[in-house]
Amino acid sequence: KQEVTQIPAALSVPEGENLVLNCSFTDSAIYNLQWFRQDPGKGLTSLLLIQSSQREQTSGRLNASLDKSSGRSTLYIAASQPGDSATYLCAVIGNQFYFGTGTSLTVIP
Amino acid sequence: GAVVSQHPSWVICKSGTSVKIECRSLDFQATTMFWYRQFPKQSLMLMATSNEGSKATYEQGVEKDKFLINHASLTLSTLTVTSAHPEDSSFYICSARRGPDEQFFGPGTRLTVL
């Protein structure tokens with residue numbers, strides 16, 4: 001069964017810093033990988049979707065990479081802002097969505 | 001983008017009662033919808049896959065008689081928590097599949113059982 005791990009579980013950074021969130025998975029036979037943002041008590045907001053044939057995707061200050069062979073993905077956030085504070089979830093997409101445990105990010109003004 | 005709604009957004013009920021949660025795809029048809037449960041500070045766990053016009057497929061450990069799923073149309077799936085108990089209190093999120101690679105998630109429903 002696919003297992004998805006996210007490190008760190010929580011992260012606190014001062015505003016303006018660049019940061020990297022990590023996601024690792026055990027089974028490299030995946031279709032896609034998707035990063036989501038979840039605000040407290042809310043649903044999921046899709047950030048980036050990386051197809052298995054791709055190595056990275058970019059959207060604004062966000063860049064996500066995918067290395068299927070090593071079972072890793074990273075989400076890079078440039079010039080962090082307080083509004084980026086949320087929980088970030090990665091989901092590995094095979095025959096279903098397998099979600100990681102999330103990284104709770106706090107950006108301090 | 002595609003929109004998925006859930007109703008209600010939150011519900012409080014007494015132990016022993018049943019609660020129905022609706023999941024709707026507003027601007028596309030979804031033959032497949034999914035129901036997830038999320039406990040505080042934990043990730044989403046797939047409960048069941050809802051297929052239009054047929055029985056739902058439940059994940060291991062999920063009681064199908066307790067969590068009744070109906071997918072009567074291409075835009076609506078319902079999850080009914082029967083005889084709810086406090087341990088059923090959780091955040092329930094649905095998603096709807098549009099095409100082979102796309103799933104869109106609802107805003108979630110917070111269930112609190114007293």
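First the proteins, then the strands, lettered A, B, ... as listed; each starts at 1. Quick caveat, the model's predicted, so the values are computed rather than measured.
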Co-membership, hydrophobic cluster, residues [X] and [Y], 4.5 Å side-chain:
{"X": "A/Y76", "Y": "A/L105", "value": "no"}
{"X": "A/L33", "Y": "A/F99", "value": "no"}
{"X": "B/V62", "Y": "B/I21", "value": "yes"}
{"X": "B/V19", "Y": "B/F91", "value": "no"}
{"X": "B/M47", "Y": "B/F104", "value": "no"}

Open item on the list: Please classify the contact between A/L89 and chain B as side chain, backbone, both or neither, with a heavy-atom cut-off of under 4.5 Å.
Closed with: side chain
Task: Within residues 2-9 of chain A, residues adjacent to chain B where the heavy-atom gap is under 4.5 Å - done: none
Taking atom [atom1] of [X] and atom [atom2] of [Y], what is their separation to the nearest 0.5 Å?
{"X": "B/Q103", "Y": "A/L49", "atom1": "CD", "atom2": "CG", "result": "11.0 Å"}
{"X": "B/M45", "Y": "A/Y98", "atom1": "CE", "atom2": "OH", "result": "10.0 Å"}
{"X": "A/Q38", "Y": "B/F105", "atom1": "CD", "atom2": "CZ", "result": "10.5 Å"}
{"X": "B/S43", "Y": "A/F97", "atom1": "OG", "atom2": "CZ", "result": "12.0 Å"}

Task: Neighbourhood of chain A inside residues 31-42 of chain B, taking heavy atoms under 4.5 Å as contact - done: B/Y36, B/Q38
TODO: Tell me the residues of residues 106-114 of chain B whose non-hydrogen atoms fall below 4.5 Å from those of chain A, in number order.
DONE: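 Residues of residues 106-114 of chain B touching chain A at under 4.5 Å: B/G106, B/P107, B/R110.
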TODO: Identify, with sequence neighbours excluded, every residue that meets side-chain hydrogen bond (donor to acceptor under 3.5 Å, both in side chains) alongside A/S46.
DONE: A/Q34
Report, as yes or no, whether the 6.0 Å neighbourhood of atom [atom1] on [X] holds more than 12 heavy atoms from other residues, nucleotides or ligands.
{"X": "B/H85", "atom1": "NE2", "answer": "yes"}
{"X": "B/K64", "atom1": "NZ", "answer": "no"}
{"X": "A/R55", "atom1": "CZ", "answer": "no"}

Open item on the list: Counting heavy-atom pairs under 4.5 Å with chain B, which one of A/G102, A/P40, A/G43, A/A91 comes out on top?
Closed with: A/G43
TODO: Please state whether the side chain, the backbone, both or neither of B/L44 comes within less than 4.5 Å of a heavy atom of chain A.
DONE: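 Answer is both: backbone and side chain atoms of B/L44 are under 4.5 Å from chain A.
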